[in-house]
Amino acid sequence: MSTDPKLGFNGVKVFSATMFADREALGDKVTNWITNNSQMKVVDIIVSQSSDASFHCVAITVFYSEPGREPGMRTAARA
């Protein structure tokens, strides 16, 4: 999956977890990050899951626009 390039994002924040308790808290982590970074304009969020025989991973990827940054100057951050 990919986000719509017309949305004009210039930053990406990825939240991921494999352990059950961490997966349960993932939504709260994303909400807290959005609240604490209110200067960022969230333009898209993608939730994905992957798994193998032993582990399940949930990832929440937040695409945002940071004021003062050019759209071509993309940054990536991982939590």
Side-chain angles (χ1 to χ4, degrees):
M1 284 189 240
S2 63
T3 190
D4 185 340
K6 294 177 284 192
L7 295 175
F9 69 96
N10 60 15
V12 178
K13 179 79 172 172
V14 178
F15 300 84
S16 64
T18 56
M19 304 300 288
F20 179 78
D22 294 336
R23 291 192 313 260
E24 287 289 311
L26 205 53
D28 290 335
K29 283 181 73 174
V30 173
T31 299
N32 288 337
W33 183 85
I34 291 171
T35 300
N36 292 330
N37 293 280
S38 59
Q39 75 280 12
M40 310 294 190
K41 179 185 175 202
V42 175
V43 296
D44 200 6
I45 296 176
I46 296 176
V47 179
S48 56
Q49 178 197 347
S50 61
S51 59
D52 61 18
S54 302
F55 295 98
H56 304 287
C57 180
V58 172
I60 301 174
T61 306
V62 179
F63 296 86
Y64 62 89
S65 176
E66 182 178 356
R69 288 189 81 114
E70 295 294 322
M73 298 174 56
R74 293 193 168 88
T75 61
R78 188 162 181 81

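Cluster membership for M19 and L26, using ILVMFWY side-chain heavy atoms within less than 4.5 angstrom, is not shared.
Of the inter-residue distances, the one linking K13 atom NZ with N37 atom CG reads 7.5 Å to the nearest 0.5 angstrom. Atom CE of M40 is separated from atom CG of N10 by 8.0 Å, given to the nearest 0.5 angstrom.
Using bins of under 30°, 30° to 60° and over 60° for the plane-to-plane angle, the ring pair W33/F15 lands in the perpendicular bin.
Shown here for S16 and C57, the closest heavy-atom pair between the two residues is CB-SG, 4.3 Å. Minimum heavy-atom separation, F63 to I46: CE1-CD1, 3.8 Å.
For F20, the side chain to side chain contact (heavy atoms under 4.5 Å, CB included) test picks out R23, E24, with sequence neighbours left out. Listed by chain and residue number, S54, F55 satisfy the side chain to side chain contact (heavy atoms under 4.5 Å, CB included) test with D52 (two or more places apart in sequence, or in another chain).
Counting only distance, with no hydrogens or angles, the side chain of D22 and the backbone of T18 share no donor-acceptor pair below 3.5 Å.
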